[in-house]
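First comes the structure, then the notes that go with it.
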Amino acid sequence: KISGLNQVISSLALTEGFQEQLFKGLFADKWGVLVIGTIIFFVMTFIIGIGVDLLRFNLIKEIIAGKKKPTIASAMRNSKGMFMDVVVLKILVYLLSLGVFIATAIFALLIYLAVGKLSAPAMALVAVFGIAALIALRVCLLFRYPILFLDGKKYPIKIIKESFEYAKRH
């Protein structure tokens, strides 16, 4: 009843042809609710995910420190003041990933301008470039959470730089 999904399924499931006007009518008046619900879902998932990351890495930190019995309560206490650092760190990682996608698109555009069309081998080259760049980025960012939680660094940009340097050294 809240999402209107039951109405969509019951209206479209048993029809013989796709009724475009019916489909548009169902979503036209519920568009705002759908958009707001989707935004709330992603924001809540983002916030809960950050909370879980904070607990997980603080528990790992306590285990590495040799604490006999790490608890969620102690991990929550140790997480205070780190929430915004993790938020900014995640946003920077998303922006870097977006930068890789944009670079891949620019690479595809340059190939298109040079060749005049995107053939299958050219598309494969662009795909391999994009995947390799994303893998390289993920490897370079692999150490961001250990640097934040174990080394106690606070500034997300410095954490990312140090993660790149650490990945380059090792």
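Predicted model, so just to flag it, every value in this text is computed and none were measured. Side chains included, hydrogens not; waters and symmetry mates left out as well; all remaining heavy atoms used.
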**Asked** side-chain contact (heavy atoms from CB on, under 4.5 Å) between Asp85 and Tyr155: does it pass, once the steps are laid out?
**Response** CA-CA 7 Å; Asp85 293 331; Tyr155 302 105; over 6 Å; no

**Prompt:** According to a 4.5 Å side-chain heavy-atom criterion applied to Ile, Leu, Val, Met, Phe, Trp and Tyr, with indirect links allowed, do Ile91 and Ile39 form part of one hydrophobic cluster?
**Reply:** yes

**Message:** Hydrophobic clustering (ILVMFWY, side-chain heavy atoms < 4.5 Å, transitive) - are Met76 and Ile63 grouped together?
**Reply:** no

Scan the side chains in residues 122-143 for donor-acceptor partners under 3.5 Å anywhere in the protein, sequence neighbours excluded, and list what turns up.
none

**Prompt:** Would Lys161 and Ile157 satisfy side-chain contact (heavy atoms from CB on, under 4.5 Å), going step by step from the backbone distance to the final call?
**Reply:** CA-CA 6 Å; Lys161 285 180 184 177; Ile157 293 176; 3.9 Å; yes

**Message:** Hydrophobic clustering (ILVMFWY, side-chain heavy atoms < 4.5 Å, transitive) - are Val43 and Val88 grouped together?
**Reply:** yes

**Request:** Provide the closest heavy-atom pair for Pro70 versus Ser74 in the form atom of the first, atom of the second, distance.
**Result:** C-OG, 4.5 Å

**Item:** From Thr45 atom OG1 to Ile40 atom CD1, the distance as rounded to the nearest 0.5 Å
**Value:** 11.5 Å

**Asked** Going from CG on Asp151 to NZ on Lys158, what distance comes out if it is rounded to the nearest 0.5 angstrom?
**Response** 13.5 Å

Just list the side-chain donor-acceptor pairs under 3.5 Å for residues 96-108, sequence neighbours left out, or say none.
residue, atom, partner, partner atom, Å
Ser97, OG, Val93, O, 3.0
Thr104, OG1, Val100, O, 2.9

**Message:** Just so I know, are the side chains of Phe46 and Tyr94 near enough to count as touching, which here means a heavy-atom distance under 4.5 Å?
**Reply:** yes

**Message:** Count I, L, V, M, F, W, Y as connected when their side-chain heavy atoms are under 4.5 Å apart, and connections chain through other members. Are Ile60 and Val52 then in the same cluster?
**Reply:** no

**Request:** Apply the test side-chain contact (heavy atoms from CB on, under 4.5 Å) to residues Val86 and Phe149: give CA-CA distance (whole Å), side-chain angles for both, the deciding distance (0.1 Å), then the verdict.
**Result:** CA-CA 10 Å; Val86 176; Phe149 287 94; 4.3 Å; yes

**Message:** Within this structure, what is the CG-OG distance for the pair Leu148 and Ser163, rounded to the nearest 0.5 Å?
**Reply:** 11.0 Å

**Pairwise distance OG1(Thr71) to CG(Asn58) - rounded to 0.5 angstrom** = 11.0 Å

**Request:** I would like to know whether Lys61 and Ile64 meet side-chain contact (heavy atoms from CB on, under 4.5 Å); could you show each step before the answer?
**Result:** CA-CA 5 Å; Lys61 180 180 176 180; Ile64 290 173; 5.9 Å; no

**side chain to side chain contact (heavy atoms under 4.5 Å, CB included) partner of Leu89, the single match among Met84, Met82, Arg144** = Arg144

**Request:** Identify whether Leu92 and Phe83 are in the same connected component of the hydrophobic contact network (ILVMFWY, side-chain heavy atoms under 4.5 Å).
**Result:** yes

**Asked** Are more than 12 heavy atoms from other residues, nucleotides or ligands located less than 6.0 Å from atom CD1 of Ile72?
**Response** no

**Gap separating the CD1 atom of Ile159 from the CZ atom of Phe164, nearest 0.5 angstrom** = 13.5 Å

**Request:** Sequence neighbours left out, what passes salt bridge (charged side-chain N to carboxylate O under 4.0 Å, His left out) with Asp53? Give chain and number order.
**Result:** Arg56, Lys90

**Message:** Less than 4.5 Å apart, side chain to side chain, heavy atoms only: is that true for Leu150 and Phe57?
**Reply:** no

